[in-house]
Amino acid sequence: MKLYEYEGKEIARKYGIETPRGILATSVEDVAKAYRELNTGTVVLKSQVLVGGRGLAGGVKKASNLEEALAKARELFSMSIKGERVEKILVEEAVCISRELYMSLTVDRATRKLVYLASGMGGVEIEELARKHPDKILRIPVDPFIGYSGYMARQALGFLGLQWDKLGQLDSIMRAMYKIMMDYDAELVEFNPLAYTCDGKLTALDAKIIIDDNSLYRHPDLQPLYGRDATSYEKIAKQLDFNYVELDGDIGVISNGAGLTMATMDSILHYGGRPANFLDIGGGATRERVREAVKIVVTHPRVKAVLVNIFGGITRCDEVASGIIEALSETRVVKPIVVRMLGTNEEEGRRILIEHGITVYTEMDEAVLRVIQLVREVS
Ligand code: GDP
Ligand code: MN
């Protein structure tokens, strides 16, 4: 679960990390009030959305007087960033930046350790930095039996090219990051940029904290926030108790059982396709459940073609087939759909689908190759 920048900064401040003074606004009037209250010349208006890369998308704007601040606030409030409407703006005093650094603490799954990532090239997204300048990123693994240790700040200080008199500040920031990571069961604590200001201070200009959802039972105060970053499709799926996950490709996937669903995804990737989402209808799904499942997957705007991969055990192929047909006629969406099914009531299922012009495969590879081909044809 991602936290908003203003929430991340609140936590950072609680742990002694400096951030610019800022006030959260949910309306243009709020922005006016915040501007007066901050009583500083230039402010930065930062749209609060859970997607990354706001800066590039025009979601971070500077204003040097009240009129300008209001005009830009209006502009921001009417914006959507990567599909997310701007409903909150963090109004902050502008900071004079000398250098933009990158500092994060995250989980390295390969080594099963936490790792600090530091870079002197902050401000750009870390994924991009890792691609273009992997040598500009310092990785400091953290031994879980030892935790944070002072040498890490010394190592980072040298790599970042900061003077020795900054060691105390960097040390307390990195120590605080470790504490936040532990206290909040975070997967990521990231400051990008961590600014080295013109007056020689280290300030978190941006904050991104991701909480491990599996730990929410230990954080009753965070539980109400769960699910707010779900897309509208994920919310509907959750209400209907489907396992549904969105990805960034263009093939919709419906399958039954976690194992077959994962195998389907692997197979699509293996043959060069990219799943847009996947939905596991679980065991013994009725035609009504299948209908709702297909509706979710097929109506998603990124989906160009759908692959249904069913192994009928308790699940009956004829129920699945009827569900598919009902969903297609109710949504009136015309997207190619490829079905691979076998097992219980296979013949009846196949008959229903063929009657409606849908080809049914028994081999998974054939179905996967077919759906990839169809996506290429409509692209
Ligand atoms: P992101 O694009 O979503 O990561 O948004 P950030 O909060 O990181 O802001 C993007 C960029 O805006 C930063 O890298 C800075 O260059 C700039 N920026 C943000 N706040 C300030 C500020 O107070 N003063 C100045 N001069 N630049 C700022
Ligand atoms: Mn940033």
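Just so you know, ligand 1 is whichever comes first in the structure, and atom 1 is the first atom listed for that ligand. Since this is a predicted model, take the numbers as computed values, not measurements. These values consider heavy atoms only, across backbone and side chains, with no hydrogens, waters or symmetry-generated copies.
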Exercise. When the aromatic ring centroids of Phe242 and Tyr244 are compared, is their separation below 6.0 Å?
Worked result: no
Exercise. For Arg302 and Ala276, which heavy atoms make the closest approach, and how far apart are they?
Worked result: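 So the minimum-distance heavy-atom pair works out to NH2-O, 3.9 Å.
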Exercise. Which is the closest N/O/S atom of Asp206 when seen from the Mn ion (ligand 2)?
Worked result: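 Result: OD2.
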Problem set entry | Option from Asn243, Thr286, Ile254, Thr261 for which side chain to side chain contact (heavy atoms under 4.5 Å, CB included) with Ile281 holds |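 In the set Asn243, Thr286, Ile254, Thr261, the residue that makes a side chain to side chain contact (heavy atoms under 4.5 Å, CB included) with Ile281 is Ile254.
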Pairs under 3.5 Å, nitrogen or oxygen of ligand 1 with protein nitrogen or oxygen:
from     : atom 1 : to     : atom 2 : distance (Å)
ligand 1 : 2 (O)  : Arg54  : N      : 3.4
ligand 1 : 2 (O)  : Gly55  : N      : 2.7
ligand 1 : 3 (O)  : Arg54  : N      : 3.0
ligand 1 : 3 (O)  : Arg54  : NE     : 2.7
ligand 1 : 3 (O)  : Arg54  : NH2    : 3.3
ligand 1 : 4 (O)  : Asp206 : OD2    : 3.0
ligand 1 : 5 (O)  : Arg54  : NH2    : 3.0
ligand 1 : 7 (O)  : Lys46  : NZ     : 2.6
ligand 1 : 7 (O)  : Arg54  : NH2    : 2.9
ligand 1 : 7 (O)  : Asp206 : OD2    : 3.4
ligand 1 : 8 (O)  : Asn192 : O      : 3.1
ligand 1 : 8 (O)  : Asp206 : OD2    : 3.0
ligand 1 : 14 (O) : Glu100 : OE1    : 2.8
ligand 1 : 16 (O) : Glu100 : OE2    : 2.5
ligand 1 : 23 (O) : Val95  : N      : 2.9
ligand 1 : 24 (N) : Val95  : N      : 3.4
ligand 1 : 24 (N) : Val95  : O      : 2.9
ligand 1 : 26 (N) : Lys62  : NZ     : 3.2
ligand 1 : 26 (N) : Val95  : O      : 3.2

Exercise. Mind checking whether Val86 and Ser80 have side chains closer than 4.5 Å, heavy atoms only?
Worked result: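 The answer is no; the side chains never approach within 4.5 Å.
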Exercise. Can you find a heavy atom in the side chain of Asn277 that is under 4.5 Å from one in the side chain of Glu234?
Worked result: no
For this session: Measure up the Tyr233 and His300 rings against each other and bin them: parallel (under 30°), tilted (30 to 60°), perpendicular (over 60°).
Result: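 Tyr233 and His300: tilted rings.
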